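Predicted model only: the values in this text are computed from it and were never measured.
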Amino acid sequence: MKRAHLLAAVLALCCLAGCGADPHAPAAESPSPAGAPSAETAPQAEGEEQPTRIAVRADGCEIVYELGRSAAAQGLCAQLPLTVEVEDFSTNEKIFYPPRELEVADAPLAEGGRGVLAYYAPWGDVVLFYGPFDGSGQLYELGRAVSGEGDIEALSGSVTISVWGEERGER
């Protein structure tokens, strides 16, 4: 558990160093530190509930995101299923607007690149990153892609977002 707290502290410091930068501007891709747990490899504590996964689908593409445990991530999940228009923004992201604003008080700041699902609070849009980006004090991580992240850039027009597995009676 100490390792997870140390990683969170390092990530928070990195985000603070990039405060004031345009959150929608591309940045150089930075590799993850060797041995750092990812959403796919992080060990799960015994008895801990499985993280919620959501799927973004359009034209044969499916991107599956594992959501964090913040109120913002759970607030997005509570609005599903959704069919929304996804728009291009900058050279590294797609965006859409959920029907209701998300509560960001306990959400971690977003950083990284391809596969990050984030919420830009000032505009109220959800961001699907397919390239590197600079962090911002107002860009919050909702989750990370666990599959299909290579399809994010191809998304356009209407997409359907649902809790992954619900269409099969799972959750």
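Pro98 is listed as a side-chain neighbour of Leu76, based on a closest heavy-atom distance under 4.5 Å. Under the 4.5 Å side-chain criterion, counting only non-hydrogen atoms from C-beta, Ile63 is not in contact with Arg57. Side-chain atoms of Val56 and Thr160, non-hydrogen and from C-beta on, never get closer than 4.5 Å to each other. For the pair Gln79 and Arg100, the minimum side-chain heavy-atom distance is below 4.5 Å. Looking at heavy atoms from C-beta onward, Phe89 lies out of side-chain contact with Tyr120 at the 4.5 angstrom threshold. With a 4.5 Å cut-off on side-chain heavy atoms, Thr83 and Ile161 do not count as touching.
Closest approach of Val163 and Cys77 over heavy atoms only: CG2-SG, 3.7 Å. When every heavy atom of Pro51 is checked against every heavy atom of Glu66, the shortest pair comes out as CB-CG, 3.5 Å. Across every non-hydrogen atom of Ala55 and Trp164, the tightest pair is CB-CD1, 3.9 Å. The nearest pair of heavy atoms linking Phe96 to Val86 is CB-CA, 4.4 Å. When all heavy atoms of Ala58 and Ser158 are compared, the closest pair comes out as CB-O, 3.7 Å. Pro132 approaches Asn92 most closely through the heavy-atom pair O-ND2, 2.8 Å.
In summary, of the residues considered (Arg114, Glu153, Glu93), a side chain to side chain contact (heavy atoms under 4.5 Å, CB included) with Phe129 occurs for Glu93 alone. Of the options Ile54, Leu117, Leu128, a side chain to side chain contact (heavy atoms under 4.5 Å, CB included) to Leu142 is made by Leu117 and by none of the others.
Summarising the geometry, atom CG belonging to Asp106 is positioned 12.0 Å from atom CZ belonging to Arg69; distances are rounded to the nearest 0.5 Å. The OH atom of Tyr140 lies 11.5 Å from the CG atom of Leu102; values are rounded to the nearest 0.5 Å. We find the CG-OG1 distance between Leu80 and Thr52 to be 10.0 Å, quoted to the nearest 0.5 Å. Between the OG atom of Ser147 and the OH atom of Tyr65 there is a distance of 10.0 Å, given to the nearest 0.5 Å.
Surrounding CG of Asp59 are at most 12 heavy atoms belonging to other residues, nucleotides or ligands under 6.0 Å away.
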Dump the intermediate steps for side chain to side chain contact (heavy atoms under 4.5 Å, CB included) on Val116 and Phe133, then the final yes or no. CA-CA 10 Å; Val116 171; Phe133 63 93; 4.0 Å; yes
Could you give me the CA-CA distance, side-chain angles and deciding distance for Lys94 and Val159, then say whether side chain to side chain contact (heavy atoms under 4.5 Å, CB included) is met? CA-CA 11 Å; Lys94 304 288 181 165; Val159 299; over 6 Å; no
Can you list the steps and then say if Val84 with Tyr97 is a side chain to side chain contact (heavy atoms under 4.5 Å, CB included)? CA-CA 8 Å; Val84 294; Tyr97 294 88; over 6 Å; no
For side chain to side chain contact (heavy atoms under 4.5 Å, CB included), just list the numbers for Ser136 and Leu109, CA-CA rounded to whole Å, side-chain angles, deciding distance to a tenth of an Å, and then say yes or no. CA-CA 7 Å; Ser136 159; Leu109 294 175; over 6 Å; no
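In this structure, the side chain of Gln74 engages the main chain of Gly68 through a donor-acceptor pair within 3.5 Å.
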